[in-house]
Amino acid sequence: MSKIMDGKKVSQDIKEWIIRRTQELKDRAGVVPGLASILVGDDPASEIYVRNKRRACGRCGMLSEEYNLPEETSEQELLSLIERLNSDEKIHGILVQLPLPVHMNPAKVIRTVSPDKDVDGFHPENIGKLFQENPSAISCTPYGIEKILDYHGIEILGKHVVVVGKSNIVGKPAAALMLNRDATVTIAHIETRNLSSITTMADILIVAIGDPQFIKKEMIKDGAVLIDVGINRNESGKIVGDIDFEDVKEKASYITPVPGGVGPMTITMLLWNTLEAAEIFVLGE
Ligand code: NAD
């Protein structure tokens with residue numbers, strides 16, 4: 001039976017540390033870390049995510065500002081808001097909730113956020129730094145994956161890590177992070193031939209594809225560590241991951257559940273990045 005990696009527990013421990021450091025920063029420099037979240041349109045899933053961020057900020061003693069813009073907002077209006085927040089000293093992190101409406105160019109929007117305030121780690125400058133092993137802001141979900149592995153004492157160095165999914169927000173930065181930790185990394189994706197022959201080689205398998213319960217026990221090695229990033233609804237409306245938990249649980253050594261695994265880590269690492277951005281701001285003052 002595999003051990004469950006409880007993301008809520010890891011998250012809680014990290015948040016306690018964030019609360020202490022946030023208070024220290026207030027006492028030492030009179031600075032409250034501030035996060036601005038921008039939501040364009042009224043996607044219900046994004047609204048829930050932004051609300052959870054606001055609550056998490058409040059619990060950690062951080063300032064949270066929310067900008068809910070109507071769907072028909074022009075790209076220029078959004079860019080002007082970001083530029084204003086770039087020069088707002090109360091704000092240390094800016095998050096633009098994706099996806100954006102189709103009339104906006106997400107790459108342009110992401111490039112407009114100052115790299116110093118890019119707490120999502122999506123700006124090309126921050127992605128470049130990650131690949132050069134000199135990261136500043138690291139994308140929150142991959143960063144959360146690294147923290148979960150470290151928390152459970154799982155060695156990364158020298159291990160074969162297979163990442164399934166090559167998105168800019170999860171798959172690619174997760175692969176870069178694992179490479180920076182001296183793992184041997186393979187990235188697989190929808191066009192990969194004979195996927196099982198690759199996933200069965202993984203000591204650590206990270207799956208971020210958005211395909212409910214796709215990974216079965218025949219696709220993993222005995223004793224593999226499984227990180228399930230997927231958040232999907234199955235036919236009965238239940239939230240499930242990309243890995244078939246019940247099918248693999250006797251064969252894997254460790255596994256993250258869905259929900260309650262990687263998910264809670266994402267918001268926590270967003271707060272971590274906001275705190276670090278505020279600390280760097282104070283150092284540079
Ligand atoms: P995406 O849709 O941008 O990319 C999916 C990737 O998976 C692509 O590279 C594609 O080639 C690959 N893929 C799809 N089906 C595949 C298959 N059958 N075999 C091999 N490769 C396949 O996805 P994303 O934004 O990275 O999100 C992936 C999943 O992770 C989604 O379920 C999403 O909801 C979830 N997610 C969770 C968190 C979190 O905080 N836990 C954060 C981000 C995304």
Side-chain angles (χ1 to χ4, degrees), residues 4-11 14-15 37 43-53 56 95-100 106-107 110 119-122 127 130 137-149 161-178 185-202 205-216 218-220 226-235 237-245 255-273:
I4 308 288
M5 293 188 271
D6 181 350
K8 283 192 203 151
K9 165 88 182 75
V10 183
S11 214
I14 295 177
K15 273 193 204 135
S37 306
D43 174 45
S46 298
E47 277 170 17
I48 292 171
Y49 192 45
V50 168
R51 190 186 64 208
N52 290 343
K53 283 170 193 166
L95 176 140
V96 183
Q97 186 64 45
L98 302 176
L100 289 166
I110 288 167
V119 281
D120 257 337
F122 293 163
I127 297 284
L130 174 64
I138 302 173
S139 314
C140 303
T141 303
Y143 207 3
I145 293 171
E146 186 185 31
K147 293 285 174 203
I148 282 198
L149 291 171
V161 178
V162 175
V163 181
V164 190
K166 66 173 186 81
S167 71
N168 288 335
I169 63 168
V170 187
K172 284 182 207 153
L177 261 187
M178 294 296 109
V185 179
T186 304
I187 309 177
H189 47 81
I190 191 80
E191 300 298 344
T192 298
R193 314 277 154 87
N194 198 358
L195 183 63
S196 293
S197 70
I198 293 165
T199 53
T200 46
M201 289 196 298
L205 181 64
I206 301 174
V207 190
I209 59 176
D211 195 341
Q213 299 170 311
F214 177 80
I215 300 284
K216 308 285 183 195
E218 302 73 37
M219 301 175 79
I220 67 162
L226 306 181
I227 302 284
D228 191 349
V229 183
I231 303 176
N232 316 286
R233 275 191 199 278
N234 68 7
E235 313 82 59
K238 193 174 159 230
I239 300 277
V240 296
D242 290 339
I243 298 177
D244 189 337
F245 185 93
I255 185 166
T256 58
V258 177
V262 175
M265 297 299 296
T266 300
I267 289 188
T268 300
M269 299 322 293
L270 177 76
L271 300 185
W272 173 298
N273 283 345

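Quick caveat: nothing in here was measured; it's all calculated off a predicted structure. All ligand and atom numbering here is 1-based and tracks the order in the structure.
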Nitrogen or oxygen contacts under 3.5 Å, ligand 1 side and protein side:
{"residue": "ligand 1", "atom": "9 (O)", "partner": "Lys166", "partner atom": "N", "Å": "2.9"}
{"residue": "ligand 1", "atom": "11 (O)", "partner": "Ile190", "partner atom": "N", "Å": "3.0"}
{"residue": "ligand 1", "atom": "21 (N)", "partner": "Ile190", "partner atom": "N", "Å": "3.2"}
{"residue": "ligand 1", "atom": "26 (O)", "partner": "Ser167", "partner atom": "OG", "Å": "2.6"}
{"residue": "ligand 1", "atom": "32 (O)", "partner": "Ile231", "partner atom": "N", "Å": "3.1"}
{"residue": "ligand 1", "atom": "32 (O)", "partner": "Ile231", "partner atom": "O", "Å": "3.4"}
{"residue": "ligand 1", "atom": "40 (O)", "partner": "Thr266", "partner atom": "OG1", "Å": "2.6"}
{"residue": "ligand 1", "atom": "41 (N)", "partner": "Val229", "partner atom": "O", "Å": "3.4"}

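- For residues 206-215, no residue pair satisfies the side-chain hydrogen bond (donor to acceptor under 3.5 Å, both in side chains) rule, not counting sequence neighbours.
- Here the CD1-NZ distance, from Ile190 to Lys166, works out to 10.5 Å after rounding to the nearest 0.5 Å.
- Residue Lys238 places its NZ atom among 12 or fewer non-hydrogen atoms of other residues, nucleotides or ligands, all under 6.0 Å distant.
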**Prompt:** Is there a side chain to side chain contact (heavy atoms under 4.5 Å, CB included) between Ile227 and Val262 once you walk through the steps?
**Reply:** CA-CA 8 Å; Ile227 302 284; Val262 175; 3.7 Å; yes
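- To the nearest 0.5 angstrom, Leu205 atom CG is 6.0 Å from Thr199 atom OG1.
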**Request:** Let me see the working for Val240 and Phe245 under side chain to side chain contact (heavy atoms under 4.5 Å, CB included), right down to the final yes or no.
**Result:** CA-CA 9 Å; Val240 296; Phe245 185 93; over 6 Å; no
